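Atoms within each ligand, like the ligands themselves, are counted from 1 in listed order. What you are looking at is a predicted structure, and each value in this text was computed from that prediction instead of being measured.
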Amino acid sequence: MLSYRHAFHAGNHADILKHFTLWLVLDYFNKKDKPYWYIDTHSGAGVYNLAGEQAQKVGEYRQGIALLRAASGLPETLQQFNACLKNLLPDENLYCGSPFLAAATLRESDKMRLFELHPADFELLQNNIREWKLGRRCIAKKENGYQGLITLLPPPTRRAVVLIDPPYEEKQDYERVVKTLKEAQKRFAEGCYIVWYPCLSREESRKLPQTLMKLSPENYLNAQLHVHAPRADGFGMHGSGMFVINPPYLLAKQLADTLPALCELLKQDNQARFELDYRIA
Ligand SMILES: C[S@@+](CC[C@H](N)C(=O)[O-])C[C@H]1O[C@@H](n2cnc3c(N)ncnc32)[C@H](O)[C@@H]1O
């Protein structure tokens, strides 16, 4: 079932946490000369029109990227990320998806491998990739990203950043993420795997970080940003998390320095809070 369209949610608080963390990881990978692969198992369309009907329906971006764009006095790395986004998309009506952010951050020697199953979003993604003029460095497939990831591992360069960002509209996505990571670790244990997940009242969502921790107990980072209290009826997403297996060693400090400001910026009530938990060998 493919009912999810990211255009309804683009630029929301969860995208800000996700894309900021991803940008920090890619920036770290750029510090070493050796090329790497960026693999995005659930790519989406690549770029989103915030003035379009879908984004305007609920206007989630108003409590995400719109606040970040208008912010001042941010900690240094958050300020740099903000400047990067403004430079990338000077038109305030546009917001980047993970593939575009990665395309703008990777170097000539690095490669991108993208997966997107939704036919309409895949077509948009392909059109966007053409505009980015990446040539053979970037290959996008209309295939299942969980299986696609496994076929690529280990990457020839033995360096890779993998983003796993499913919709979680089907509760099987929680199991698929764990199963895919177990298989991925067998083939390429050194990879940096980044999993985005929603913070919901439902059990699968609450348990996912603990399950992921067991996959890499000595080398992980888990960051959560809750923008409001869980709703009394148990519905809705009150925050989101980023779980990183084999995180760059700088990431914990970078997030510790910026999550308080990000939480203050994106909070929707006085129960907003963040969590940062890590173990880096
Ligand atoms: C949360 S969105 C991705 C957003 C994107 N990563 C970003 O940050 O801009 C999830 C996407 O996964 C796609 N999708 C769902 N199941 C998939 C699967 N098994 N393989 C590949 N793509 C899938 C959906 O169509 C949707 O576009």
Side-chain H-bond candidate by donor/acceptor type, Q147 with R176, under 3.5 Å: no

Ligand 1 atoms in contact with L2 (distance to a heavy atom under 4.0 Å): 15 (C)

Atom 4 (C) of ligand 1: nearest protein contact (heavy atom, Å): D165 OD2, 3.2 Å

Chi angles and distances behind the side-chain contact (heavy atoms from CB on, under 4.5 Å) call for Y197, Q224: CA-CA 9 Å; Y197 62 93; Q224 288 190 358; 2.9 Å; yes

N or O contact, G145 vs ligand 1, cut-off under 3.5 Å: yes

Check: H19 N/O within less than 3.5 Å of ligand 1 N/O: yes

Interfacing atoms of ligand 1 (cut-off 4.0 Å, heavy-atom, D121): 27 (O)

Heavy atom of R176, distance to ligand 1 below 4.0 Å: no

F81 and W23 aromatic ring geometry - parallel, tilted or perpendicular at 30°/60° bounds: tilted

Under 4.0 Å to a heavy atom of H118 - the qualifying atoms of ligand 1, by number: 25 (O)

Proximity of Y48 and Y95 rings by center, below 6.0 Å: no

Atoms of ligand 1 close to E143 [distance to a heavy atom under 4.0 angstrom, numbered from 1]: 20 (N), 21 (C)

Under 3.5 Å side-chain donor-acceptor pair for Y38 and D40: yes

4.0 Å heavy-atom contact, T41 with ligand 1: yes

Proximal ligand 1 atoms for G97, defined as those under 4.0 Å from one of its heavy atoms: 9 (O)

Y4-H9 aromatic ring centre distance below 6.0 Å: yes

Ligand 1-proximal atoms of R5, by part, heavy-atom distance under 4.0 Å: neither

Identity and separation of the nearest protein heavy atom to atom 3 (C) of ligand 1: H42 O, 3.2 Å

Cation over ring face, R159 and W37, 6.0 Å, 45°: no

Shortest protein contact, atom 18 (C) of ligand 1 (heavy atom only): L117 CD1, 3.5 Å

Euclidean distance, N222 CG relative to L212 CG, rounded to 0.5 Å: 8.0 Å

Ligand 1 to K18 polar contact by distance, N or O atoms, under 3.5 Å: yes

Atom 11 (C) of ligand 1: nearest protein contact (heavy atom, Å): E116 OE1, 3.6 Å

Distance flag, aromatic centroids of F243 and Y220, threshold under 6.0 Å: yes

Contacting atoms of ligand 1, where contact means under 4.0 angstrom from a heavy atom of G44: 27 (O)

Ligand 1 versus S43: contacting region, heavy-atom distance under 4.0 Å: backbone

Between D165 and H6, a side-chain donor and acceptor under 3.5 Å: no

Closest protein heavy atom to atom 2 (S) of ligand 1, given as residue, atom name and distance to 0.1 Å: Y4 CE2, 3.5 Å

Selection from S98, A102, P119 by shortest heavy-atom distance to atom 5 (C) of ligand 1: S98

Straight-line distance of D269 CG to H238 NE2, nearest 0.5 Å: 10.5 Å

Per-residue contact class, H9 against ligand 1 - non-hydrogen pairs under 4.0 Å: neither

Atom indices of ligand 1, in the order listed, that fall short of 4.0 Å to a heavy atom of N144: 19 (N), 20 (N)

Step-by-step side-chain contact (heavy atoms from CB on, under 4.5 Å) determination, D173 to Y146: CA-CA 10 Å; D173 266 334; Y146 297 113; 2.5 Å; yes

Y249 and Y28 aromatic ring geometry - parallel, tilted or perpendicular at 30°/60° bounds: perpendicular

